[in-house]
Amino acid sequence: MKDRYQVVVIGGGIVGCSVLYHLTLRGIRDVVLIERDELPAGSTWHAAGGFHAINADTRIAALQKYTIGLYTQVEQESGQSIGLHMSGGMELAGTPERWQWLKSELAWHRTQDTDAYLLTPEEAARMVPIIDPTGLLGALFDPHEGNLDPNGATHAYAEAARRRRAEVVQHNRVLSLDQLPSGEWRLETERGPITAEHVVNAAGLWARKIGRMVGVDHPLVPMVHHYLVTADIPEVAAIEGDMPAVTDLEGFTYLQREGNGVLLGVYEQNPRHWKVQGADWDFGRQLFPEEIDRIKSELTIGFRRFPVLQDIGIKRWVNGAFTFTPDGNPLVGPVAGLPNYWAACGCMAGFSQGAGIGLALANWIADGDPGYDVFGMDVARFGSYASNDRYLRDTTAQFYARRFVMAYPNEELPAGRPLKTTPCYNEFVAAGARFTVNWGLEVPMYFAPSLDFEESSTLGRSNAEPIVAEEVEAVRTAAGAYEIAQYARYEVTGRVAEAWLDHLLSSRIPEVGRIRLAPMLSPAGRLMGDLSVTRLDEDRFWLTGSYYLQDWHTRWFRRTLPADGVELRNITEDRMGFSVSGPASREILERLVHDDVSNEAFPFLSVHEMDVGTAQAVVGRISLTGELGYEIVVPANLHRTLLHELLEAGTASRLRQVGDRAVDGLRLEKGYGIWSAEFRQDSTPGMSGLDRFVAFEKGDFIGREAALREREEGASRMLVLLEVDAADADAAQDDGIWIEGRRVGFVTSGAYGHHVGKSLALAYLDRGVVGSAPELMVFVIGEPRTARILPEPPYDPKGTRLREFA
Ligand SMILES: Cc1cc2nc3c(=O)[nH]c(=O)nc-3n(C[C@H](O)[C@H](O)[C@H](O)COP(=O)(O)OP(=O)(O)OC[C@H]3O[C@@H](n4cnc5c(N)ncnc54)[C@H](O)[C@@H]3O)c2cc1C
């Protein structure tokens, strides 16, 4: 072991070894992996070693596919056998809803170019003869599933990295981590100190403790998990070659071949946390005694589905621990304010995700960019609220218990809620609001007319749609008020504030009193934000962005923030308010202000500071609904007062409170994109249409060269608005779009346009297809529907209601 390396990876589980290997692939060879025990300790050594490509987040699914595809390369490079069985795997459906869900999952697989297919119950039972097909409706078979030897795979990564000159040091615990004034890290280890430019926390069950050494509390907790391995089963022994893995989605169990017997794992409904603050330092390669009583009811279902298990002996129980985050995806990437510290932890599916994590992290260290849209596993996707022990326990238990439970797209899950509420929360509840959650904040989805209204969980349109329709109509014909507390706001002040923003944002910086939409780009020309910038004074600006991107954006801002001359302050919790939009919104505002808010005095995209009722407010003429509208922002302690005054002033004009769902439908009627759907880290200005806000001719800004290149070459895809022939359900993100069996795009968001009476979807289509505008096919909840490109938005295509409403 040397006393200085470019990168130190802490932890020799599957994730740390994959990171090590990927660093060497990127040419970073002055690297060492430090392992407390022997490779692999922690969760990896006793895992079942199963893997699959499916993930609710398609970007993570692509990285899972990459992980699976890499195993043979690592095996060959290292000469270390990994016991790979590409057995394929099936998910069973025993209810009509689950069967429909599997059909939509099949469509999703096709979008991901995976050759999955459906099986009848009999076909499923022929492939895995120990299945009792009674009550089954069918199964979905995915050939990209299988299992491997966890120890072999870990050693293979480590050996392949060693052959590329990386070092692995075992039996050497990292004792402390300190950042030096140079920005380098000093690690005290049992075998002496090391100085390193970068340090990677891949410490698995101990990762929370390593994080705390540097003042970070990562939102992850260990939980215990069981599987059993049976004695030989004649029906399994009789199968030549591999037997597909089985996930019983109503039974909470998974099963795979293990020798001539099987391994049956359980995701029980009553899960148990273990060592919430991190495992003890002296925790060795240990297992816990089995807790059969706790998993009895799930096992009983499993034994019914695989009846042979009732009579066969159990050879071995494994009850071990692994880590969970609130959404089940890992924590990867840099942490704001801690340069050169990298997270690679919280991974609960190391054999599906290990290589994807390694690839993204190695790119990030080498290039300052993960190279992919990895927001779904970015450590910055959670705020500090998520590290609260109670929140973590509640949300991780919910995730664990629902791992195999079908999620409906309109379902709201209860764990950790309500957490953050705005001062108007009680008013919203009294008005019948039903809430969704955004980064821990309760956000009204719609306002139900009666307190006992219950929305049914469904894959199609729900019984809440008539309520949403009324809210949409209120905005189109009178006025609607929706809370804009779920926008993040940053105040930027100082002598060089304008110069910094001019470099950070690709748009022009507005004049005082004006608002501008401002795409923010990475050096590679991909989107980092769809912000708006408001100039309140020569040297005072507000940046407005997505609420849940606060840590992500702050990390980005800080990369280029000068040491002095600019002050950046997150004022999201201090300033909130309402957007009032609709043809009557001006007359409502007029009742509350002394200022002239006519079209001439207060045109579109202007901003004024003025008294609104009893509050001093910042009022911007801007709206996401396509109607005349104002965003009224006040100090948080006047937010509730503002609501009361608005509702009072609005009574005569039929003002109605509206929620997120109505706004979503309204913006689709106008073809407006939003972050996380149309605008993402893997979109570009040219694709998304945001290039119309890019000031190519202004001086240098981040991403200019790449954006110019794209302008010359043309974007490969284009954002279009579709009308879909669907009467009972609407398209959803990532639904594939096809022409005669060829995939030509995917949906970014879909909703019913209640005012225009159309099922609408925004989608990315291959550029070549757009001009020819043939009939397209979209799979909506697994069923093919025809769709066509709308040449212009179906509502107010010229934008006169928004801009010129007099
Ligand atoms: C029963 C069970 C079955 C499972 N089955 C599967 C499965 O089928 N498929 C799947 O994908 N996943 C499965 N998992 C989950 C899987 O085990 C984990 O996702 C994976 O092992 C996580 O790997 P890791 O490298 O992040 O962490 P770990 O394996 O915990 O590795 C962390 C390493 O860091 C070392 N370390 C910690 N602190 C220090 C320090 N201070 N100094 C030096 N070294 C340190 C530890 O000794 C350890 O070796 C299963 C888990 C369990 C419990």
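Because the structure is predicted, anything quoted here is derived from the model rather than measured. In what follows, every heavy atom counts, from backbone to side chain, and hydrogens, waters and symmetry copies are set aside.
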H198 vs W342, test: side-chain hydrogen bond (donor to acceptor under 3.5 Å, both in side chains). Steps then yes/no.
CA-CA 8 Å; H198 301 274; W342 303 86; 3.0 Å; yes
Show the numbers, then the answer: is there a side chain to side chain contact (heavy atoms under 4.5 Å, CB included) between I82 and D149?
CA-CA 5 Å; I82 62 170; D149 164 21; 5.6 Å; no
In sequence, state the C-alpha distance, the side-chain angles, and the governing distance for Q681 and R59, and then conclude on side-chain hydrogen bond (donor to acceptor under 3.5 Å, both in side chains).
CA-CA 11 Å; Q681 216 177 330; R59 273 76 177 173; over 6 Å; no
Evaluate the criterion side-chain hydrogen bond (donor to acceptor under 3.5 Å, both in side chains) for residue pair T195 and W185; output intermediate values, then yes/no.
CA-CA 6 Å; T195 304; W185 289 97; over 6 Å; no
S352/T67 under side chain to side chain contact (heavy atoms under 4.5 Å, CB included): CA gap, chis, key distance, verdict
CA-CA 6 Å; S352 298; T67 298; 5.7 Å; no
Please report the C-alpha distance between W542 and I571 in whole Å, then the side-chain angles of each, then the deciding distance to 0.1 Å, and finally whether the side chain to side chain contact (heavy atoms under 4.5 Å, CB included) criterion is met.
CA-CA 9 Å; W542 277 7; I571 56 168; 3.5 Å; yes
The test is side chain to side chain contact (heavy atoms under 4.5 Å, CB included); show your working for N329 and M348 and say whether it passes.
CA-CA 7 Å; N329 278 325; M348 65 105 199; 5.9 Å; no
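Taking the six-membered ring where the residue is Trp, Y267 and H225 present tilted rings, their angle falling between 30° and 60°. Using cut-offs of 30° and 60° for the angle between ring planes, the Y157 and Y21 rings count as tilted. In this pair, F322 and F324 present their aromatic rings perpendicular. The plane angle is above 60°, beyond the 30 to 60° band. Using the six-membered ring where Trp is involved, F51 and Y71 have ring planes that are tilted, between 30° and 60° apart.
Within the 3.5 Å criterion, the main-chain N or O of L413 finds a donor-acceptor partner in the side chain of R417. Side chain of R164 to main chain of R29: no donor-acceptor pair is present (N/O by atom type, distance under 3.5 Å, no hydrogens or angles). Of the possible donor and acceptor atoms, none in the side chain of T58 sits under 3.5 Å from a partner among the backbone N and O of A61. In this structure a side-chain-to-backbone donor-acceptor pair under 3.5 Å is present from R285 to P40. Side-chain N or O atoms of T189 include one that pairs as donor or acceptor with a backbone N or O of G192 at under 3.5 Å. Judged by distance alone, with hydrogens and angles left aside, the side-chain atoms of R555 form a donor-acceptor pair with the main-chain N or O of P334 at under 3.5 Å. One N or O on the side chain of W439 and one on the backbone of Y548 form a donor-acceptor pair closer than 3.5 Å. Judged by distance alone, with hydrogens and angles left aside, the side-chain atoms of H144 form no donor-acceptor pair with the main-chain N or O of Q64 at under 3.5 Å. Checking side-chain atoms of E159 against main-chain N and O of S78 turns up no donor-acceptor pair under 3.5 Å. Here the side chain of T44 pairs a donor or acceptor atom with the backbone of I14 at under 3.5 angstrom.
Defined by atom type and a distance below 3.5 Å, a donor-acceptor pair is missing between the side-chain atoms of Y5 and E197. A donor-acceptor contact closer than 3.5 angstrom is absent between the side chains of E35 and N172.
Closest approach of V694 to S506, counting heavy atoms only: CG2-OG, 3.5 Å. Contact detail for I60 and Q353: the closest heavy-atom pair is CG2-NE2, 3.8 Å. Scanning all heavy atoms of the two residues, the minimum distance from A360 to M377 falls at CB-CE, 4.0 Å. A pairwise comparison of heavy atoms in M528 and L521 identifies CG-C, 3.8 Å as the closest pair. Listed here is the closest heavy atom pair of Q170 and L39: OE1-N, 2.8 Å. The nearest pair of heavy atoms linking W675 to S546 is CB-OG, 3.6 Å.
Applying the 6.0 Å contact sphere to OH of Y372 captures no more than 12 heavy atoms from other residues, nucleotides or ligands. Counted within 6.0 Å of CD on Q286, heavy atoms from surrounding residues, nucleotides or ligands total more than 12; the atom is thus considered enclosed.
The pair D373-R680 counts as a salt bridge, with a side-chain nitrogen and a carboxylate oxygen less than 4.0 angstrom apart. Look at D3 and R191 and you find no salt bridge, because none of the NZ, NE, NH1 or NH2 atoms lies under 4.0 Å from a carboxylate O. Salt-bridge annotation for R540 and E491: present, with a side-chain N of the basic residue lying under 4.0 Å from a carboxylate O of the acidic one. Taking the charged nitrogens against the carboxylate oxygens, D37 and R173 have no contact shorter than 4.0 Å, which rules out a salt bridge. A salt bridge does not link D682 to R526: none of the charged side-chain nitrogens sits closer than 4.0 Å to a carboxylate oxygen. Ionic pairing of R4 and D30 is not present here: no N-O contact between side-chain nitrogen and carboxylate oxygen is shorter than 4.0 angstrom. Remark: R163 does not engage E77 in a salt bridge, criterion side-chain N to carboxylate O under 4.0 Å. R162 has no carboxylate O lying under 4.0 Å from a charged side-chain N of E167, or vice versa, which leaves the two without a salt bridge.
Put simply, the side chain of W281 does not reach to within 4.5 Å of the side chain of L175, judged on heavy atoms. Side-chain atoms of Q550 and T572, non-hydrogen and from C-beta on, do get closer than 4.5 Å to each other. The shortest side-chain heavy-atom distance between F382 and D551 does not fall under the 4.5 Å cut-off. For the pair T493 and F541, the minimum side-chain heavy-atom distance is 4.5 Å or more. A heavy-atom distance below 4.5 Å is found between the side chains of E291 and V224. Side chains of E38 and W45 form no contact here, defined as non-hydrogen atoms less than 4.5 Å apart. Residues H218 and S387 form no side-chain contact, since every pair of their non-hydrogen atoms from C-beta on lies 4.5 Å or further apart. You'll find the side chain of L527 reaches within 4.5 Å of the side chain of L690, heavy atoms only.
Ring to ring, F375 and W552 are close: their centroids are under 6.0 angstrom apart. Ring-centre distance between F283 and W274: below the 6.0 Å cut-off.
No option in L392, T396, L205, L331 other than L331 meets the side chain to side chain contact (heavy atoms under 4.5 Å, CB included) test with L220. Partner of C17 under the side chain to side chain contact (heavy atoms under 4.5 Å, CB included) criterion, chosen from V9, V168, L33: L33.
Separating the CG atom in L505 from the CG atom in L543 is a distance of 6.0 Å, to the nearest 0.5 Å.
Judged as a side-chain contact (heavy atoms from CB on, under 4.5 Å), and not counting sequence neighbours, the contacts of Y66 are H22, L70, A355, L359. A search for side-chain contact (heavy atoms from CB on, under 4.5 Å) contacts involving A401 returns Q269, P271, not counting sequence neighbours.
Identified under the salt bridge (Lys or Arg N to Asp or Glu O under 4.0 Å) test for residues 326-350, with sequence neighbours left out: D327-R381.
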